[in-house]
J.: 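Okay, here's the structure, questions in a sec.
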Amino acid sequence: MSLTRVKRLFVIKTRFEAYLIIFALALGAMTRGAHYTVQYPGVGGYLLFAATAGAVFLGGAKILDALRYEREAREAGAHTAEEAGLQP
């Protein structure tokens, strides 16, 4: 099995895959946040819980933005190749 085939397993290609990964991140973060509220009772625990949720929001937005950027770059490259006459 070549290395490129293995690398493709770790590339997010669609929005659906991105949403699955964001869901998994959120599930883990909320579990960690719940543990924080037990370990650090009071306001400190709830602030840490909010921080874990915020990290997922920021990470998820970045993943979705990256997918959009890659799609736009791919479309721009295809459009440029058509103008140059490289594609039939």
Side-chain angles (χ1 to χ4, degrees):
M1 184 179 252
S2 69
L3 187 59
T4 56
R5 290 182 69 186
V6 173
K7 279 180 23 179
R8 286 194 55 190
L9 294 173
F10 298 98
V11 175
I12 303 170
K13 299 176 222 46
T14 64
R15 289 178 68 86
F16 180 72
E17 292 173 350
Y19 287 131
L20 287 176
I21 290 171
I22 293 167
F23 175 75
L25 290 171
L27 190 63
M30 293 302 99
T31 303
R32 183 70 246 164
H35 288 157
Y36 282 146
T37 60
V38 172
Q39 287 178 334
Y40 305 105
V43 176
Y46 288 111
L47 288 174
L48 288 171
F49 186 93
T52 60
V56 173
F57 285 130
L58 292 173
K62 194 65 163 175
I63 290 170
L64 293 173
D65 282 346
L67 280 177
R68 185 177 44 129
Y69 173 75
E70 288 175 358
R71 182 189 42 137
E72 290 173 356
R74 219 176 16 252
E75 290 172 357
H79 184 30
T80 305
E82 283 178 4
E83 287 178 355
L86 297 176
Q87 292 181 349

J.: Please list all pairs passing the side chain to side chain donor-acceptor pair (under 3.5 Å) test where one or both residues lie in residues 18-31, with sequence neighbours left out.
T.: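 Checked against side chain to side chain donor-acceptor pair (under 3.5 Å) - neighbours excluded - the pairs reaching residues 18-31 are Arg15-Tyr19.
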J.: Connecting only ILVMFWY residues whose side-chain heavy atoms lie within less than 4.5 Å of each other, what is the rest of Val38's hydrophobic cluster?
T.: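 Other cluster members: none.
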J.: Quick one: list whatever passes salt bridge (Lys or Arg N to Asp or Glu O under 4.0 Å) with Arg32, sequence neighbours left out.
T.: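 Arg32: no salt bridge (Lys or Arg N to Asp or Glu O under 4.0 Å) contacts found.
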J.: For Thr14, check side-chain contact (heavy atoms from CB on, under 4.5 Å) against everything at least two apart and list the hits.
T.: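 With sequence neighbours excluded, Thr14 shows a side-chain contact (heavy atoms from CB on, under 4.5 Å) to Phe16, Glu17, given in chain and number order.
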J.: My understanding is that a hydrophobic cluster links ILVMFWY residues whose side chain heavy atoms are under 4.5 Å apart, including indirect links. Using that, what else belongs to the cluster containing Tyr40?
T.: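 Noted: Tyr40 shares its cluster with Tyr36, Leu48.
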J.: Does Val43 sit in a hydrophobic cluster with other residues, and if so which ones, taking ILVMFWY side chains as linked at heavy-atom separations under 4.5 Å, directly or through other members?
T.: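 Once heavy-atom contacts under 4.5 Å are chained together, Val43 belongs with Leu47.
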J.: Could you work out, with side-chain hydrogen bond (donor to acceptor under 3.5 Å, both in side chains) as the rule, every residue matching Tyr46, not counting sequence neighbours?
T.: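 Scan of Tyr46 (side-chain hydrogen bond (donor to acceptor under 3.5 Å, both in side chains), adjacent residues dropped) gives none.
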J.: Which pairs pass salt bridge (Lys or Arg N to Asp or Glu O under 4.0 Å) with one or both residues in residues 51-60, sequence neighbours excluded?
T.: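 Pairs touching residues 51-60 that pass the test: none.
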J.: Run the side-chain contact (heavy atoms from CB on, under 4.5 Å) test against Ile21 and tell me which residues pass, sequence neighbours left out.
T.: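 Ile21: side-chain contact (heavy atoms from CB on, under 4.5 Å) contacts with Ile12, Leu25, Ile63.
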J.: Taking atom OG1 of Thr4 and atom CG of Leu9, what is their separation to the nearest 0.5 Å?
T.: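 Interatomic distance, Thr4 OG1 to Leu9 CG, rounded to 0.5 Å: 10.5 Å.
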J.: If a pair satisfies salt bridge (Lys or Arg N to Asp or Glu O under 4.0 Å) and one of its residues is in residues 46-69, list it, with sequence neighbours excluded.
T.: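 Non-adjacent pairs meeting salt bridge (Lys or Arg N to Asp or Glu O under 4.0 Å): Asp65-Arg68.
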J.: By side-chain contact (heavy atoms from CB on, under 4.5 Å), which residues pair with Ala26, not counting sequence neighbours?
T.: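 side-chain contact (heavy atoms from CB on, under 4.5 Å) check on Ala26 returns Val56.
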J.: State, to 0.1 Å, how close Leu67 and Ala18 come at their nearest heavy-atom pair, and which atoms those are.
T.: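 Result for this residue pair: CD1-CB, 3.5 Å.
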